[in-house]
Trainee: 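Sending over a structure as structure tokens; questions will come in a sec.
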Amino acid sequence: MRQGFIFDADGTLIDSMPIWKTVGQVYLRQRGIEPPADVTMLFKTSTFTETAAYFQRLGVHEKKEEIIQGIVALVHEAYATEVPVKPGVAEALSQVSQRQIPMCVLTASEQEYLTPCLEHNGILQYFSAIFTCTQLKKTKKEPSIFIETAQSLGCAPEETVVFEDSLHCILAAKAAGCRVAAVQDEASKEDWEKICQVADWTAPTVGALPWHQIFLS
């Protein structure tokens with residue numbers, strides 16, 4: 001049976017979520033605005049365009065494109081030089097590559113800083129493409145984004161495994177007809193019990209997933 005694998009980046013492949021806990025706060029405080037408590041959750045579930053619109057409502061007097069550029073500037077250097085891959089990721093991707101299973105990344109992050117991060121960590125070569133929510137003009141709350149990405153790999157949704165750590169993405173991938181391998185991340189720990197009920201496979205990290213089962217599915 002043909003297989004295609006779609007990987008989330010933040011919290012699944014790379015340990016970048018600590019950056020997103022603070023970037024919204026830093027951005028707003030630089031502009032004299034005290035950040036509300038929901039800013040951390042906002043970056044977990046929203047696109048940059050949605051975030052920019054929210055920041056405008058909070059009083060940021062810049063165009064959406066300028067807000068996005070400002071946020072990207074704050075994270076670019078850290079992604080390119082500091083953000084590490086999570087345990088076992090490189091070994092797992094090498095194993096998948098040896099089986100000639102096509103892989104891509106589907107992310108809410110922006111390609112301009114994610115690509116250097118994957119390259120810096122030595123895993124960029126494993127992916128045929130990096131798809132972003134900005135590029136596809138959809139969020140990862142929408143099942144159609146997973147269907148479209150699966151088709152890019154030449155696969156039907158039922159032939160596709162999605163690797164994710166966020167509940168809202170997992171629910172959308174399942175609604176699309178994909179199977180889901182879920183991994184733990186600190187940012188999603190409150191949802192882990194529900195994630196275990198929904199996902200097809202679960203593990204602390206990508207490297208700890210039951211790959212023999214995934215390959216045979």
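All values below come from the heavy atoms of this structure, side chains included, with hydrogens, waters and symmetry mates left out.
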Trainee: Of all heavy-atom pairs between Ile6 and Ala150, which one has the smallest distance, and what is that distance?
Mentor: CD1-N, 3.8 Å
Trainee: Could you tell me whether a side-chain N or O of Glu142 sits under 3.5 Å from a main-chain N or O of Thr139, the two making a donor and an acceptor?
Mentor: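 Looks like yes, one N/O pair under 3.5 Å.
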Trainee: Please test Phe131 against Ser152 for side-chain contact (heavy atoms from CB on, under 4.5 Å), starting from the C-alpha separation and ending with a verdict.
Mentor: CA-CA 10 Å; Phe131 296 105; Ser152 76; 3.3 Å; yes
Trainee: If you define the side chain from C-beta out and look only at heavy atoms, does anything of Asp10 sit under 4.5 Å from Ser166?
Mentor: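 No, their side chains stay 4.5 Å or more apart.
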Trainee: In this structure, which one of Asp185, Thr12, Asp15, Asp165 forms a side-chain hydrogen bond (donor to acceptor under 3.5 Å, both in side chains) with Lys86?
Mentor: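 Going through the options one by one, the only one that passes is Asp185.
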Trainee: Surrounding CD of Glu190 (heavy atoms of other residues, nucleotides or ligands, distance under 6.0 Å), is the total greater than 12?
Mentor: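 Atom CD in Glu190 is not crowded, with 12 or fewer foreign heavy atoms closer than 6.0 Å.
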Trainee: Are side-chain heavy atoms of Val206 and Leu93 found at a separation under 4.5 Å?
Mentor: no
Trainee: Indicate, with yes or no, if Val75 and Val105 share a hydrophobic cluster defined by side-chain heavy-atom contacts under 4.5 Å among Ile, Leu, Val, Met, Phe, Trp and Tyr.
Mentor: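 Yes, it is one cluster - the side chains of Val105 and Val75 are joined through contacts under 4.5 Å.
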Trainee: Under 3.5 Å, is there a donor-acceptor pair between the side chain of Ser128 and the main chain of Met103?
Mentor: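 Yes; at least one donor-acceptor contact below 3.5 Å.
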Trainee: Is it true that a side-chain atom of Gln56 and a backbone atom of Lys63 form a donor plus acceptor pair closer than 3.5 Å?
Mentor: no
Trainee: Applying the side chain to side chain contact (heavy atoms under 4.5 Å, CB included) criterion to Ile14, which one of Leu114, Thr107, Ile19, Asp8 satisfies it?
Mentor: Leu114
Trainee: Looking at Ala90, is its backbone amide N or carbonyl O close enough to the side chain of Ser94 to form a donor-acceptor pair, meaning the two atoms are under 3.5 Å apart?
Mentor: no
Trainee: Compare all side-chain heavy atoms of Thr22 with those of Pro18 and state whether any distance is below 4.5 angstrom.
Mentor: no
Trainee: Looking at Gln197, I want to see if its CD is surrounded by more than 12 non-hydrogen atoms of other residues, nucleotides or ligands under 6.0 Å.
Mentor: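 Check passes, neighbour count above 12.
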Trainee: Would you find a donor on one side and an acceptor on the other, under 3.5 Å apart, between the side chain of Arg179 and the backbone of Glu158?
Mentor: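 Yes, the answer is positive, given that a donor and an acceptor are paired below the 3.5 Å cut-off.
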Trainee: Are the side chains of Pro35 and Tyr27 in touch, meaning some heavy atoms are under 4.5 Å apart?
Mentor: no
Trainee: Report yes if the side chains of Phe215 and Val96 come closer than 4.5 Å at any heavy-atom pair, otherwise no.
Mentor: yes
Trainee: Looking only at heavy atoms, what is the nearest atom pair of Gly59 and Ile33, with distance?
Mentor: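 Gly59 and Ile33 have their closest heavy atoms at C-CD1, 3.7 Å.
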Trainee: Measure across Phe146 and Cys178 and return the closest heavy-atom pair with its distance rounded to 0.1 Å.
Mentor: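 Closest heavy-atom pair between Phe146 and Cys178: CB-SG, 4.3 Å.
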Trainee: Is the count of non-hydrogen atoms from other residues, nucleotides or ligands lying under 6.0 Å from Glu193 atom CD greater than 12?
Mentor: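 Not buried by this count: 12 neighbours or fewer within 6.0 Å.
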Trainee: Is Lys140 reaching over with its side chain to a backbone N or O of Leu106, donor-acceptor style, under 3.5 angstrom?
Mentor: yes
Trainee: Which atom pair, heavy atoms only, marks the closest approach of Ile147 to Ala176?
Mentor: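 Residues Ile147 and Ala176, closest heavy atoms: CG1-CB, 3.7 Å.
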Trainee: Within the structure provided, determine whether Phe163 and Ile214 are in side-chain contact (heavy-atom separation under 4.5 Å).
Mentor: yes
Trainee: Could you report the tightest heavy-atom contact between Gln111 and Ile130, atom names first, then the distance?
Mentor: OE1-O, 3.8 Å
Trainee: Answer yes or no: is there a side-chain heavy-atom contact under 4.5 Å between Ser16 and Tyr113?
Mentor: no
Trainee: Check Ile67 against Ala52 and note the closest heavy-atom contact, atom names and distance.
Mentor: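 Between these two residues, the closest heavy atoms are CD1-O, 3.5 Å.
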Trainee: Would you mind reporting whether Thr205 and Val183 have side-chain heavy atoms less than 4.5 Å apart?
Mentor: no
